[in-house]
Amino acid sequence: MACSAAVAGAEATALLCRRPAPSLIAGRNILAVSRRPRHCNLRTGAQPPQKTTSSANYRNRVNFQRDRAGASSDDEQQQKSGDENGLPNIQLEDLVGKIQNTEKNILLLNQARLQALERADKILKEKEALQQEINILEIKLSETGAQSELSTKGMSDAEALEFDVLKEENMLLKDDITFLKAKLIDITEKEESLFKLEKERALLDSSLRELECAFIAAHSDMLKLGPMQHDAWWEKVENLEELLESTANQVEHAALILDGYHAFQDKVDKLEASLGATNISEFCLYLVDLLKKRVKSIEERFQACNREMHSQIELCEHSIVEFHDTLSKLIKESEKKSMEHYQEGMPSEFWSRISLLIDGWSLEKKISNDDANILREMAWKRDNRLREAYLSSRGMAERELIDSFLKMALPGTSSGLHIVHIAAEMAPVAKVGGLADVISGLGKALQKKGNLVEIILPKYDCMQHNQINNLKVLDVVVQSYFEGNMFANKIWTGTVEGLPVYFIEPQHPGKFFWRAQYYGEHDDFKRFSYFSRVALELLYQSGKKVDIIHCHDWQTAFVAPLYWDVYANLGFSLARICFTCHNFEYQGTAPAQDLACCGLDVERLDRPDRMRDNSHGRINVVKGAIVYSNIVTTVSPTYAQEVRSEGGRGLQDTLKIHSKKFVGIINGIDTDTWNPSTDRFLKVQYSANDLYGKSANKAALRKQLKMSSANASQPLVGCITRLVPQKGVHLIRHAIYKTAELGGQFVLLGSSPVPNIQREFEGIADQFQNNSNIRLLLKYDDALSHMIFAASDMFIVPSMFEPCGLTQMIAMRYGSVPVVRRTGGLNDSVFDFDDETIPMELRNGFTFLKADEQGFDSALERAFNYYHRKPEVWKQLVQKDMKIDFSWDTSASQYEDIYQRAAAQARAAT
């Protein structure tokens, strides 16, 4: 298309002239962050079991029965209410109440267990006493036998006869003693059984607690239950049922063990009969009577323990049955309610999955492009019919599902936009720098505003596959042109952060994305020109009606000239191109002939007004994107002004020519990931209204890094950065010494890809090795970065230039006051606390202009003075910083606005 670039420029001029870019200061909303709610635990009130009297047990049982009666009354009222409404009216509070009742039962069971153990101890002591008496008796019998042998020598016949009778009685007594020993052994076995019963009780207790934990987890999942999660939900329900069945079996087994003690009475009766039939002396009768009394006492204690344990087990069985019934009703009710949710209640990932499913059918030629477009439109409108058809498709063949979808394919229109981001990075699957955060953060924000957002990425071998949901390869191969040949490409789909993502896997012999790293290869220019061509080929072959194609940085800047010079000529021309340069330091230059690899016409594009670099004869793909795109953006308003001069690294003249379609929109941060009130990496979570956690995290970091804790109020200065010249390494080095001079503490986290800079900071680290106030951690550690943000009182960002910068925003969200140089995005997000030309409500940090030590010292000294001398003013500043809204919402609205105007012009031109 001969005048494609001119058409794009004309449309963009009209587009951006109609409405100036919104002011950042006016656009930033300051929102209060409420105190983080404290989480309640169902087990908070449980205390360790204590020894109780029988009357206390009785009171506990009465209380428990009263609780059950109250619960039954509540259930009847709820059932009545449910009957009136035609639906069961089950409240989660009832289920919690039943869990609490179960806990009471466990406490009672513990009390009974302790009593049984006490009784077992007494039995052991009595057994030992009996054993001692039997030993004494055996000794006396032995002495009697010895005496009888001596006396038999001088006995008469009558005396001998009497002696024989006595000897026979002694023999019988020995038999009885042997019998009693056997009974004592039997008692010992019963004691062992009692201990087995204790183990069974412990298992029962553990099972009940496991059941409660499983219920709590199920309850948590149920609160966010959606039809997408039904399979996982039912699997959890089945696991719960298995656990309940196992618990019931354990209860029955425990009851059987207790029932075995009924046979103990029979054994005692046999002992009494045996003793009664024996003709023994009075001493032996006394001994046997004593044994009978003690055995009877043991029996009574066992019976009391037996009754108590049976009572508690019955209560537990009843509670388990009651819990199971209530849970079953709650599951049914939850399933019914989840099916009645409105479409806006469904998670974004659900609709992303639907969108990927439709695209897969289209690419595999199972449905026509027209039908696919209609179904996509229904998906991004979140049509209820589409949702219900998908949810009812469980067990359905794919062809049946396709037919059910096609029946609903009715024409319609949508106020939302279809936006496709083509990029080299996306957090968290493929992250090198801030670009990755922009793709996921901006994509999610645009999706929340009702737009259909899709992402196209290379399928790197080193990406984080575990961060991708439902990753699968489509049954289609996309052929694309490169270096005079056609090459096949596998297309993978999955969802990341709730967004639908396409991953392109080239079947090229160069194995372009099987390099174990994202960038830094000798053929990066070829790798990413290939990827850009395949991404457009995928969109073209899918027949999608895309409104906006948004490409990022030089790696996908090829998209703009490819779209207008190749694909627009094939009829794929309704979309409009938006290009964002995140850092003009990197422009993607190469010899002109390399541009031909992806099918672009070198002779046509190697011109000063198109893609030839302004400084030398090479091709500059960022320049080509500026020329050919309908919208050109960068990542902050101040940086947009800077790059129109020397900050443009040679492209300032091109940007001036195309200034009417060029705008700076500041980035946001992911406020879900960076949230001190929920951050899992912190020792203590906190908020603007509750700053105790900040000092607790400061103490924890000091302990972790073995820093001095002698002065709790000693200020801590933090710095998290890549150690490269752009970040002002000479000022970072100076900040270490200046902080020590001012009596503060300093923590640096970061490393350098430049060897001499890395060695220099390693030397500084060695110099301060024995200084408990300075720590240099020359690496990157994500968890530690969260701790440093939370622990630091001040945070320095002394950059030479900074297109946007995210660390200063994150620091403020964590209550760390920024000390920054006024450049790029730093100038758009940090306003000096002493600058009276700025409204007081916007002043949030300390800034300096000149990139020298004097300027930095002035800003840092002013921050230290406020910290030490005006603690109340400092606290108010910290709280104000934490309440500033740095989310993507405002920025996404600005992007959406320029998208809408570009799409409207495209529709008007057709």
Is there a donor in the side chain of [X] and an acceptor in the side chain of [Y], or the other way round, less than 3.5 Å apart?
{"X": "R533", "Y": "Y567", "answer": "yes"}
{"X": "E802", "Y": "Y639", "answer": "no"}
{"X": "S629", "Y": "K661", "answer": "no"}
{"X": "S362", "Y": "S542", "answer": "no"}

Exercise for review: I would like to know whether I619 and D606 meet side chain to side chain contact (heavy atoms under 4.5 Å, CB included); could you show each step before the answer?
Suggested key: CA-CA 7 Å; I619 286 292; D606 186 16; 4.0 Å; yes

Who passes ring-ring contact (aromatic ring centres under 6.0 Å, His included) against [X], sequence neighbours left out?
{"X": "F856", "value": "F848"}
{"X": "F795", "value": "F789"}
{"X": "Y780", "value": "none"}

[X] side chain vs [Y] backbone, donor-acceptor pair below 3.5 Å:
{"X": "K526", "Y": "D594", "value": "no"}
{"X": "N451", "Y": "G416", "value": "no"}
{"X": "R813", "Y": "M809", "value": "no"}
{"X": "T556", "Y": "I422", "value": "yes"}
{"X": "S480", "Y": "V534", "value": "no"}
{"X": "S573", "Y": "N569", "value": "no"}
{"X": "N620", "Y": "T589", "value": "no"}
{"X": "N489", "Y": "V478", "value": "yes"}
{"X": "N630", "Y": "I577", "value": "yes"}
{"X": "S636", "Y": "P803", "value": "yes"}

Going by heavy atoms in the side chains, are [X] and [Y] under 4.5 Å from each other?
{"X": "I548", "Y": "Y895", "answer": "no"}
{"X": "R618", "Y": "Q587", "answer": "no"}
{"X": "D828", "Y": "L826", "answer": "no"}
{"X": "C578", "Y": "Y899", "answer": "yes"}
{"X": "I419", "Y": "D547", "answer": "no"}
{"X": "V797", "Y": "V830", "answer": "no"}
{"X": "E521", "Y": "R527", "answer": "yes"}
{"X": "T633", "Y": "I898", "answer": "yes"}

Answer yes or no: is there an ion pair linking [X] with [Y], defined by an N-O contact shorter than 4.0 Å?
{"X": "R901", "Y": "D897", "value": "yes"}
{"X": "D852", "Y": "K850", "value": "no"}
{"X": "D437", "Y": "K431", "value": "yes"}
{"X": "R610", "Y": "D565", "value": "no"}

**Study point:** Derivation and outcome, side chain to side chain contact (heavy atoms under 4.5 Å, CB included), residues L446 and W888
**Key:** CA-CA 9 Å; L446 289 168; W888 270 101; over 6 Å; no

How close do [X] and [Y] get, heavy atom to heavy atom, and via which atoms?
{"X": "C598", "Y": "S529", "answer": "CB-O, 3.8 Å"}
{"X": "C719", "Y": "I796", "answer": "CB-CG1, 3.7 Å"}
{"X": "H421", "Y": "H552", "answer": "ND1-NE2, 3.0 Å"}
{"X": "H730", "Y": "A851", "answer": "NE2-O, 3.4 Å"}
{"X": "L536", "Y": "V559", "answer": "CD1-O, 3.6 Å"}
{"X": "M812", "Y": "P818", "answer": "CG-CD, 3.5 Å"}

Review point. Centre of F801's six-membered ring, under 6.0 Å away, within 45 degrees of the axis: is that where NZ or CZ of R649 sits?
Key: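 Output yes; distance and angle both within limits.
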
Check your understanding: Residues in salt bridge (Lys or Arg N to Asp or Glu O under 4.0 Å) with D613, at least two apart?
Key ->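 Listed in chain order: nothing, the list is empty.
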
Exercise for review: Can you establish whether the number of heavy atoms outside F572 located under 6.0 Å from its atom CZ is more than 12?
Suggested key: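 More than 12 within 6.0 Å, yes.
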
Check your understanding: Is the number of heavy atoms from other residues, nucleotides or ligands within 6.0 Å of CD (Q593) greater than 12?
Key ->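 Yes, because the 6.0 Å sphere around CD of Q593 holds more than 12 heavy atoms from other groups.
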
Check your understanding: Can you name the residues that form a side-chain hydrogen bond (donor to acceptor under 3.5 Å, both in side chains) with T673, not counting sequence neighbours?
Key ->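 With neighbours one apart ignored, the set is D670.
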
In Å and rounded to the nearest 0.5 Å, what is the [atom1] to [atom2] distance from [X] to [Y]?
{"X": "R576", "Y": "L574", "atom1": "CZ", "atom2": "CG", "answer": "7.5 Å"}
{"X": "N844", "Y": "I838", "atom1": "CG", "atom2": "CD1", "answer": "8.5 Å"}
{"X": "L363", "Y": "L356", "atom1": "CG", "atom2": "CG", "answer": "10.5 Å"}

Counting only pairs under 3.5 Å, give me each side-chain donor-acceptor contact of residues 491-500, with atom names and distances, residues two or more places apart or in other chains.
from : atom 1 : to   : atom 2 : distance (Å)
W492 : NE1    : E505 : OE1    : 2.7
T495 : OG1    : E349 : OE2    : 3.1
E497 : OE1    : K444 : NZ     : 2.9

Review point. In a check of side-chain hydrogen bond (donor to acceptor under 3.5 Å, both in side chains) between E642 and each of N827, T823, T634, which one passes?
Key: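 Of the listed options, the one satisfying the test is T823.
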
Give me the ring orientation class for [X] and [Y]: parallel if the planes are under 30° apart, tilted from 30 to 60°, perpendicular past 60°.
{"X": "F482", "Y": "Y530", "value": "perpendicular"}
{"X": "W554", "Y": "F525", "value": "parallel"}
{"X": "F528", "Y": "F531", "value": "perpendicular"}

**Study point:** N583 vs L435, side chain to side chain contact (heavy atoms under 4.5 Å, CB included): CA-CA, chis, key distance, verdict
**Key:** CA-CA 10 Å; N583 191 337; L435 169 62; over 6 Å; no

Review point. Which one of I666, I810, N667, I669 satisfies the side-chain contact (heavy atoms from CB on, under 4.5 Å) criterion with F886?
Key: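 Among I666, I810, N667, I669, the one meeting side-chain contact (heavy atoms from CB on, under 4.5 Å) with F886 is I669.
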
Point to revise | Steps toward side-chain hydrogen bond (donor to acceptor under 3.5 Å, both in side chains) verdict (Y460, Q517) | key: CA-CA 8 Å; Y460 300 101; Q517 63 179 358; over 6 Å; no

Point to revise | salt bridge (charged side-chain N to carboxylate O under 4.0 Å, His left out) assessment of D523 paired with R515 | key: CA-CA 11 Å; D523 57 348; R515 307 290 183 83; 2.8 Å; yes

Check your understanding: Can you check side chain to side chain contact (heavy atoms under 4.5 Å, CB included) on H418 and K545, steps first, answer last?
Key -> CA-CA 7 Å; H418 187 172; K545 293 181 180 178; 5.7 Å; no

